[in-house]
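Shown next, in structure tokens, is the structure this report addresses.
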Amino acid sequence: MKKMIKIIGLGLWLSAVVLSNASAQQFGKPEDAIKYRKSVFFVMGTQFGQIGSMVQGKVPYDPKVAAESASVVEVMSKLPWPAFAEGTDKGETKAKGEIWMEPGKFKEAQDKLIAETAKLATAGKTGKIEDLKTAFAATAGACKNCHDSFRSK
Ligand code: HEC
């Protein structure tokens, strides 16, 4: 049993190393990293907005579309973070310097988003708009929490 835990632990460590290497090498230039993260946020925001329109009654609730959007938001919520690499604080970006000065707090805000979007995806699958409303509000809170501290206006 102990040995198995060790092996699993090693596996996780290795995949973490491989993942972080891949992410760091993914971007040739700082501009590419900035473009990448903004594109992810743009898609995430568009899909999230679609759910918002439904829970706010601006467009009719379509459970299938809502569930798909929620799943996309969940996947997207994991992607932008490696693109906040060193040297990507300048250029066409609204990222605040606090991201690199308070990495622990920035990471917490990411983790909060990832946790809330997982609940959003689950809520999407129930097909009940009430579930979606609750999860939408909690997720929106996680977006705002980070933007207030780490994105300039
Ligand atoms: C952990 C921090 C964090 C969280 C959580 C977060 N964002 Fe952002 N977001 C940022 C930062 C930083 C930028 C600025 C990126 C840049 O300009 O380089 C940004 C930019 C954006 C943009 C503008 C993209 C563009 O085209 O320039 C949108 C839209 C957006 N976020 C939507 C969302 C939505 C919707 C959520 C929640 C579902 C969310 N964000 C959650 C940090 C966050």
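This one's a predicted model, so the numbers in the text were calculated from it and none came from an experiment. As the structure lists them, so they are numbered: ligands from 1, and atoms in each ligand from 1. By convention here, the first residue in the shown sequence is residue 1.
- Between Trp81 and ligand 1, no N or O atom pair is found at a separation short of 3.5 Å.
- Taking the six-membered ring where the residue is Trp, the centroids of Trp81 and Phe150 are separated by 6.0 Å or more.
- Residue contacts with ligand 1 do not include Asn145, since none of its heavy atoms lies under 4.0 Å from the ligand.
- Note: Gln50 CD to Lys58 NZ = 13.0 Å, rounded to the nearest 0.5 Å.
- For the pair Thr93 and ligand 1, the shortest N or O to N or O distance falls below 3.5 Å.
- Residue-level proximity to ligand 1 for Ala142 is carried by the backbone, the only part with a heavy atom below 4.0 angstrom.
- For ligand 1, the polar-atom distance check finds no N/O of Glu92 at less than 3.5 Å from any of the ligand's N/O atoms.
- The distance from ligand 1 to the heavy atoms of Gly45 drops below 4.0 Å at these ligand atoms: 35 (C).
- Contact annotation for Thr88 and ligand 1: no heavy atom of the residue comes within less than 4.0 Å of the ligand.
- Counting only non-hydrogen atoms, the option in Phe150, Phe41, Phe136, Tyr36 that gets closest to atom 42 (C) of ligand 1 is Phe41.
- Residues Thr88 and Thr93 share a closest heavy-atom pair of O-CG2, 4.1 Å.
- Residues Glu68 and Lys64 are paired through a salt bridge, judged by an N-O separation under 4.0 Å between the basic side chain and the carboxylate.
- If you check each of Lys112, Lys38, Glu116 against atom 24 (C) of ligand 1, the one with the closest non-hydrogen atom is Lys38.
- Applying the 4.0 Å criterion to heavy atoms of Ile99 picks out, from ligand 1, the atoms 12 (C).
- For atom 37 (C) of ligand 1, the closest non-hydrogen atom on the protein side is Cys143 SG, 1.8 Å.
- Those atoms of ligand 1 with a heavy atom of Phe84 less than 4.0 angstrom away are 12 (C).
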Could you go step by step and tell me if Gln47 and Ser69 meet the side-chain hydrogen bond (donor to acceptor under 3.5 Å, both in side chains) rule? CA-CA 5 Å; Gln47 297 281 337; Ser69 287; 3.0 Å; yes
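- A salt bridge links Lys133 with Glu130: the distance from a Lys NZ or Arg NE/NH1/NH2 to an Asp or Glu carboxylate oxygen falls below 4.0 Å.
- Taken together through direct or relayed side-chain contacts under 4.5 Å among Ile, Leu, Val, Met, Phe, Trp and Tyr, Phe27 and Phe42 form parts of separate hydrophobic clusters.
- Residue Arg37 has at least one heavy-atom neighbour below 4.0 Å for each of these atoms of ligand 1: 16 (C), 18 (O).
- The backbone N or O of Thr122 lies less than 3.5 Å from no partner atom in the side chain of Thr126, so there is not a single donor-acceptor pair.
- Annotation for ligand 1: atoms under 4.0 Å from non-hydrogen atoms of Gln110 are 1 (C).
- The distance between the ring centers of Phe106 and Trp100 does not fall below 6.0 angstrom.
- For ligand 1, the atoms closer than 4.0 angstrom to any heavy atom of Leu113 are 5 (C), 37 (C), 38 (C).
- At the top of the distance list for atom 21 (C) of ligand 1, counting protein heavy atoms only, stands Arg151 NH1, 3.3 Å.
- Protein heavy atom closest to atom 17 (O) of ligand 1, with residue, atom name and distance, is Lys94 N, 2.8 Å.
- A donor-acceptor pair is defined here as one N or O able to donate and one able to accept, closer than 3.5 Å; no such pair exists between the side chain of Arg151 and the backbone of Ala95.
- Counting protein heavy atoms only, atom 2 (C) of ligand 1 is closest to Cys146 SG, 1.7 Å.
- Applying side-chain contact (heavy atoms from CB on, under 4.5 Å) to Ser77 and the options Leu120, Val72, Leu113 leaves one that passes, Leu113.
- Side-chain contact annotation: Glu74 with Thr117, donor-acceptor N/O pair under 3.5 Å absent.
- For ligand 1, one of its N or O atoms has an N or O atom of His147 under 3.5 Å away.
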